[in-house]
Amino acid sequence: MPAAPAADRPSVLFVCVHNAGRSQMAAAFLIHLAGDAVEVRSAGSAPADTVNPAVVEAMSEVGIDVSAETPKILTTEAVQASDVVITMGCGDTCPVFPGKTYLDWKLDDPAGQGADAVRPIRDEIEALVGDLLVDLGVAPRTHQ
């Protein structure tokens, strides 16, 4: 069955400060669990140069490779193109537009932390993404 056109699937934007940890993990879990059923973006208000190595390690432990991801700058266009905007500590830097759904996930910042500190954040994000799929009415893929 071909993928649904972009207009027929929900679009989610995950935003944190550096786009090197929380938002990268959330986007990776959503892509992993939803496949093409959801359009996924992530960005940061002040993006880092690379994804946090402890995040890469923690995600690889659950079979998800984020080593090739690159932090991206938050743009007005990305927010406008998204149905749901999920912030994770980006403060007031996220532009707000009418008609969008905004959620704020209160998560510890993995910046400067080792994999041991990142794992509980990763697990919390995975659970939140699972709840998000239910809210979006998207069934998680079973072939992982």
Side-chain angles (χ1 to χ4, degrees), residues 3-4 6-7 9-144:
R9 55 188 182 142
S11 176
V12 177
L13 170 64
F14 294 103
V15 183
C16 66
V17 176
H18 302 296
N19 190 221
R22 296 166 289 186
S23 56
Q24 290 284 351
M25 288 189 283
F29 274 124
L30 187 53
I31 291 166
H32 182 73
L33 294 171
D36 292 336
V38 178
E39 186 177 3
V40 181
R41 297 178 180 85
S42 72
S45 52
D49 293 329
T50 60
V51 173
N52 179 336
V55 166
V56 173
E57 179 182 341
M59 291 301 285
S60 71
E61 293 170 0
V62 294
I64 300 174
D65 183 6
V66 296
S67 62
E69 296 299 324
T70 305
K72 295 167 274 313
I73 186 74
L74 175 64
T75 65
T76 301
E77 294 76 21
V79 176
Q80 288 176 316
S82 301
D83 301 312
V84 179
V85 179
I86 299 174
T87 58
M88 305 170 196
C90 73
D92 296 329
T93 61
C94 299
V96 176
F97 294 97
K100 307 289 177 197
T101 299
Y102 291 88
L103 303 172
D104 185 43
W105 290 355
K106 306 276 189 238
L107 298 161
D108 291 335
D109 188 348
Q113 305 290 325
D116 287 343
V118 171
R119 286 183 193 103
I121 301 167
R122 173 202 64 201
D123 296 345
E124 187 175 358
I125 289 170
E126 183 178 19
L128 287 166
V129 168
D131 293 343
L132 176 65
L133 283 173
V134 172
D135 292 345
L136 293 174
V138 174
R141 294 188 307 174
T142 55
H143 59 284
Q144 296 176 11

Atom pair CG (Leu13) and CG (Leu74), whose distance is rounded to the nearest 0.5 Å: 6.5 Å
Between Val15 and Ser23, is any pair of side-chain heavy atoms under 4.5 Å apart? no
Quick one: does Arg122's side chain have a donor or acceptor within less than 3.5 Å of a partner on Met25's backbone? no
Determine the minimum heavy-atom distance between Val56 and Val66, stating which atoms define it. CA-CG2, 3.8 Å
Considering non-hydrogen atoms only, spot the tightest contact between Ala54 and Val118 and give its length. CB-CG2, 3.8 Å
Given side chains that start at C-beta, do those of Val38 and Leu132 come closer than 4.5 Å, heavy atoms only? no
Rounded to the nearest 0.5 Å, what's the gap from CG on Leu30 to CD on Glu126? Could you check? 12.0 Å
With a 6.0 Å cut-off (strictly less than), is the heavy-atom count around CG of Asp49, excluding the residue itself, greater than 12? no
With a 3.5 Å cut-off and no angle check, do the side chains of Ser11 and Asp83 form a donor-acceptor pair? no
Taking C-beta and beyond as the side chain, do Asp109 and Val17 meet within less than 4.5 Å on heavy atoms? no
Between Arg22 and Met88 (side chain of the first, backbone of the second, donor and acceptor by atom type, cut-off under 3.5 Å), is there such a pair? yes
Drop me the distance from Asp108's CG to Gln113's CD, to the nearest 0.5 angstrom. 8.0 Å
Side-chain heavy-atom pair Val12, Leu136 within 4.5 angstrom cut-off: yes
Nearest heavy-atom contact between Ala78 and Ser82 is O-OG, 2.7 Å
So do Leu133 and Phe29 actually touch side chain to side chain, heavy atoms under 4.5 Å? no
Minimum heavy-atom separation for Pro110 to Gly21, with atom names? CG-CA, 4.0 Å
Which value, rounded to the nearest 0.5 Å, describes the distance between Ile86 atom CD1 and Ser42 atom OG? 11.5 Å
Which residue pairs pass the side chain to side chain donor-acceptor pair (under 3.5 Å) test with at least one member in residues 67-78, sequence neighbours excluded? Asp65-Ser67
Which atom pair, heavy atoms only, marks the closest approach of Ala34 to Val138? CB-CG1, 4.2 Å
Heavy-atom pair with the smallest gap, counting every atom of Arg9 and Asp36: NH1-O, 3.0 Å
Rounded to the nearest 0.5 angstrom, the CG-CG distance for Asp135 and Leu128 is 10.5 Å
Within-4.5 Å side-chain heavy-atom neighbours: Arg119 and Glu57: yes
